[in-house]
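Right, one structure below, let's go through it.
All chains are named by letter (A, B, ...) in the order of the sequence lines, taking the proteins before the strands, and each is independently numbered beginning at 1. Keep in mind that this is a model prediction, so the values were computed, not measured.
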Amino acid sequence: MYRLNDSDDNFAASGPRLYLILNIKLMNEKIRLRFAPSPTGPLHIGGVRTALYNYLFVKKMGGTLILRIEDTDQERYIAGAESYIIESLKWLGIEFDEGPGIGGDVGPYRQSERKSLYGKYALQLVESGHAYYAFDTKEELDAIRTEYEGRKETFRYDGITRQQLKNSLTLPEEAVKIRLESGAPYTIRLKVPRDEEVLINDVVRGEVVFQTNELDDRILLKGDGMPTYHLANIVDDHLMKISHVVRGEEWLPSTAHHILLYRFLSWEDTMPQFAHLPLILRPNGKGKLSKRDGAKFGMPVFPISWEGKNAEDSFEGFREFGFMPEAVLNFLAFLGWNPGTEQEIFSLSELAEAFTLDRISKAGARFDFEKASWFNQQYLIQTDNAELGQLLKPFAEEKGYEVSDEYLTAVAGMMKERVNTLPEIVETGYYFFEPIREYEEKMIRKKWNPDRQTALLNLNQQLENLPEYQAEKLEASTKEFLEANSLGFGDVFPFYRIALSGTTKGPALFEMMEALGTEEVKKRLLTAFPAFDEVFTKKINS
RNA sequence: GUUCCUGUGGACGAAUUGGUUAAGUCGUUGCUCUUUCACAGCAGAGAUUGCGGGUUCGAGCCCCGUCGGGAAUACCA
């Protein structure tokens with residue numbers, strides 16, 4: 001189904017024996033994907049999308065999703081990054097079947113804990129003539145690089161230059177032996193063959209060809225005995241029986257090396273299928289989205305907040321911005337993929353149902369925060385008010401507001417279609433929780449007259465005496481009052497509204513009144529009138 | 001510089017695989033609804049499919065060239 005190269009005609013012609021072999025092959029090719037982040041800091045939104053696509057494909061195909069921590073670089077390792085990754089994905093509802101803290105048959109799932117495994121394969125490659133020891137120090141190589149740069153050239157440790165460098169290919173056998181035995185630091189490099197082509201069959205990009213002459217002899221095992229990404233990745237993907245590698249496009253240029261590694265380790269027949277995802281670009285289209293862009297464009301680029309060493313290194317997440325996880329997921333899913341139908345609101349399980357690798361687009365997608373906000377609003381609107389009230393709670397508490405769950409539910413219901421995020425409810429709707437900060441003058445200036453006050457107070461009196469202080473009853477009673485006093489809606493409404501909320505915008509007036517309650521309404525009316533009069537006097541005098 | 005990827009309205013992107021007037025969504029403008037704002041509904045503006053050639057009765061789709069954007073080019077992943 002997913003291996004197109006297994007031709008059906010061959011199969012028909014070759015009888016039961018091949019059938020058996022193919023069958024075994026298929027059984028071994030269970031769908032197993034991995035998400036393999038590096039704990040070098042918070043997981044940015046591009047990484048989250050990679051995790052999401054891996055998850056979706058696994059769910060769609062009924063496979064297994066593995067979390068593998070690629071912590072082979074002890075210099076860039078950051079404590080807390082791993083738990084950040086796990087917490088982020090948990091918040092979003094992306095769950096793993098195997099991984100650190102979860103278990104599984106092919107662990108451990110942290111590369112640092114698998115350190116002893118990799119050397120063997122590096123050695124095997126040396127023995128088979130596909131890799132070699134290199135003794136050049138970092139400083140020496142840096143010097144060569146700057147020298148090349150001076151000539152406006154780029155240095156590459158490859159099939160040509162390695163002949164002039166210090167390695168087991170150029171040094172006498174005896175000298176190599178002595179160096180190795182003396183414990184002198186060395187690396188193991190891949191010996192890339194000359195004059196060959198490496199073909200990558202990428203699920204999203206089709207066939208991509210690399211000339212080996214353009215490839216460098218990449219380091220496989222570092223001086224500290226740790227493998228580089230390239231070695232560790234291939235060894236682990238093989239040992240963990242990974243069937244598909246779904247990762248960012250930035251890995252495409254390295255994939256030729258990876259394929260060579262599979263070939264030299266004789267694992268090419270069980271090599272995973274590759275799918276390289278398009279990059280997520282900056283809102284202005286210039287370059288790939290980076291962690292600094294959050295501050296630059298005033299939007300989150302991380303799933304949840306990250307507390308770094310300083311303010312520069314700390315980031316606010318989508319969660320803290322007030323986004324719902326479902327909305328983030330939905331938005332992210334559409335960044336580089338689309339179902340080809342007109343549906344755009346998808347739950348996680350609906351996404352999994354609709355997801356296919358062949359509908360992933362090739363070109364980089366810009367990160368459009370406005371679209372993300374729109375998705376969030378859609379989810380806000382479709383979420384039950386009581387549930388929203390609960391989600392709103394932390395944001396209200398943060399502001400020091402102490403109100404009941406019922407009140408929060410009511411406010412959420414009134415405000416949800418007027419905002420994009422949760423905290424906006426307590427910000428633009430602050431007047432539900434504290435006194436009016438400022439009255440919008442324009443309407444008052446235009447229409448207020450101190451004698452309106454009497455009518456307003458009479459009306460309020462009538463409303464207070466209602467057996468039930470409830471929106472529809474309030475409205476009906478108000479209508480009666482207006483008719484009886486031959487007044488229009490416009491004569492009282494704007495002032496009532498501004499008195500209660502300070503603004504001409506906002507939810508339906510009677511609903512606000514119901515939520516606020518008779519006491520508060522009266523209080524607000526009485527504090528508003530003097531303010532209105534003040535505006536009026538100012539107008540008269542000017 | 002080199003290698004590789006990529007290019008459809010401002011953004012995301014669809015187009016039955018070569019078939020006629022290039023979907024839809026976001027954004028934007030206006031209208032309707034509404035006491036306001038928003039939601040919703042309706043309507044409009046916005047594209048010679050990066051550009052230039054070629055093949056073909058016919059090209060967004062195939063071929064060649066060209067330009068732009070991006071990634072990689074580390075003892076980082």
Side-chain angles (χ1 to χ4, degrees), chain A residues 36-40 70-73 75-76 111 134 136-138 141-142 145 148-149 152-157 185-189 200 202 204-205 208-211 213-216 218-230 232-233 247-256 276 278-279 281 283 285-288 331 334-345 359 361-375 377-378 381 414-419 428 440 443 475 478 488-494 496-498 501 503-510:
Chain A
S38 267
T40 54
E70 308 224 329
D71 54 351
T72 52
D73 184 354
E75 303 215 340
R76 291 208 308 155
Q111 288 184 331
D136 323 86
T137 66
K138 212 173 180 175
L141 291 175
D142 282 346
R145 281 202 180 87
Y148 269 65
E149 248 169 65
K152 292 215 155 92
E153 284 175 47
T154 307
F155 170 72
R156 191 167 60 201
Y157 206 122
Y186 65 88
T187 63
I188 292 181
R189 280 182 185 268
I200 300 167
D202 191 272
V204 347
R205 270 150 234 284
V208 181
V209 183
F210 283 89
Q211 306 298 323
N213 292 3
E214 300 292 341
L215 268 30
D216 64 328
R218 213 150 272 200
I219 288 178
L220 265 19
L221 205 67
K222 299 188 267 190
D224 63 1
M226 276 289 202
T228 57
Y229 171 87
H230 311 289
N233 202 258
R247 67 194 349 175
E249 190 186 343
E250 66 268 28
W251 291 109
L252 190 54
S254 302
T255 308
H276 286 96
L279 262 17
L281 273 20
K286 300 266 177 234
K288 103 177 153 172
F331 166 65
F334 274 71
L335 232 47
W337 174 86
N338 80 86
T341 65
E342 290 188 3
Q343 184 183 347
E344 52 201 335
I345 301 297
R359 293 207 65 89
S361 45
K362 294 179 174 140
R366 290 193 204 181
F367 186 85
D368 183 2
F369 186 59
E370 278 191 86
K371 186 102 186 200
S373 298
W374 177 80
F375 270 114
Q377 186 184 43
Q378 294 299 308
I381 291 171
M414 283 184 278
M415 293 300 290
K416 67 178 181 181
E417 56 200 25
R418 277 164 253 267
V419 295
T428 70
E440 206 174 279
M443 178 64 76
E475 184 167 7
T478 302
F489 275 116
D491 295 320
V492 295
F493 253 88
Y496 228 124
R497 171 178 291 290
I498 294 176
S501 69
T503 167
T504 53
K505 298 173 183 174
L509 178 60
F510 298 111

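Counting to the nearest Å, the C1' atom of B:U2 and the CG atom of A:Leu252 are 16 Å from each other. One interatomic measurement links the two molecules: CG of A:Asp368 to P of B:G27, which rounds to 9 Å at whole-angstrom precision. Atom pair A:Arg366:CZ and B:U25:C1' shows a separation of 17 Å (rounding to whole Å applied). Look at CZ on A:Arg156: it is 8 Å from C1' on B:U73, rounded to the nearest Å. Counting to the nearest Å, the C1' atom of B:U25 and the CZ atom of A:Phe375 are 8 Å from each other. Computed from coordinates, the A:Glu250 CD to B:A72 C1' distance equals 10 Å when rounded to whole Å.
The side chain of A:Gln378 places an N or O atom within less than 4.0 Å of a non-bridging phosphate oxygen (OP1 or OP2) of B:A40. Considering only side-chain N and O atoms, A:Thr72 lies under 4.0 angstrom from the phosphate OP1 or OP2 of B:A77. A sub-4.0 Å separation between OP1 or OP2 of B:C37 and a side-chain N or O of A:Thr504 is absent. For B:A77, the OP1/OP2 oxygens have no side-chain nitrogen or oxygen of A:Asn233 closer than 4.0 Å. One finds no side-chain N or O of A:Lys362 lying less than 4.0 angstrom from the OP1 or OP2 phosphate oxygen of B:A71. Distances shorter than 4.0 Å separate none of the side-chain N or O atoms of A:Arg76 from OP1 or OP2 on B:A77. Note on A:Lys222: a side-chain N or O is less than 4.0 Å away from OP1 or OP2 of B:C76. Distances shorter than 4.0 Å separate none of the side-chain N or O atoms of A:Arg497 from OP1 or OP2 on B:U35. Dashed line: the shortest gap from a side-chain N or O of A:Arg218 to OP1 or OP2 of B:A72 is not under 4.0 Å.
Between A:Asp71 and A:Gly336, the residue anchored nearer the 5' end of RNA chain B, judged by the nucleotide with its closest heavy atom, is A:Gly336. The 5' end of RNA chain B is approached more closely, in terms of each residue's nearest nucleotide, by A:Val209 than by the other of A:Val209 and A:Phe334.
Judged by Watson-Crick or G-U wobble contacts below 3.5 Å, the nucleotide B:G7 has B:C67 as its partner. Across all strands shown, B:G1 is found opposite B:U73 as a Watson-Crick or G-U wobble partner, with both distances under 3.5 Å. For B:A14, there is no paired nucleotide, since no Watson-Crick or G-U wobble pair has both relevant distances below 3.5 Å.
Atom name P, nucleotides B:G10 and B:A71: the rounded distance is 23 Å, in whole Å. Taking atom P on both nucleotides, B:C57 is separated from B:G52 by 23 Å, rounded to a whole Å. With P as the reference atom, B:G70 and B:U20 are 35 Å apart, rounded to whole Å. Spacing between B:G60 and B:G7 at atom C1', rounded to whole Å, works out to 12 Å. The same atom, P, is picked in B:A40 and in B:A77; the two are 47 Å apart, to the nearest Å.
Distances from the side chain of A:Tyr229 to the nucleotides B:U3, B:A77, B:U25 place B:A77 closest. Taking every side-chain heavy atom of A:Glu344 into account, B:U25 is the closest of B:U25, B:C39, B:U6. The side chain of A:Ala365 has B:G13 as its nearest neighbour among B:C39, B:G13, B:A71. Here B:A77 is the nucleotide among B:A77, B:U25, B:C4 with the atom lying nearest to any side-chain atom of A:Trp251. Comparing atom distances between the A:Asp73 side chain and each of B:G7, B:U25, B:C76 picks out B:C76 as nearest.
A 6.0 Å sphere centred on CD of A:Gln343 holds more than 12 heavy atoms belonging to other residues, nucleotides or ligands.
Using bins of under 30°, 30° to 60° and over 60° for the plane-to-plane angle, the ring pair A:Trp251/A:Tyr229 lands in the parallel bin.
Between A:Phe331 and A:Phe367, the gap from one ring centroid to the other is short of 6.0 Å.
Within 3.5 Å, a donor on the side chain of A:Thr154 pairs with an acceptor on the base of B:G1, or the reverse.
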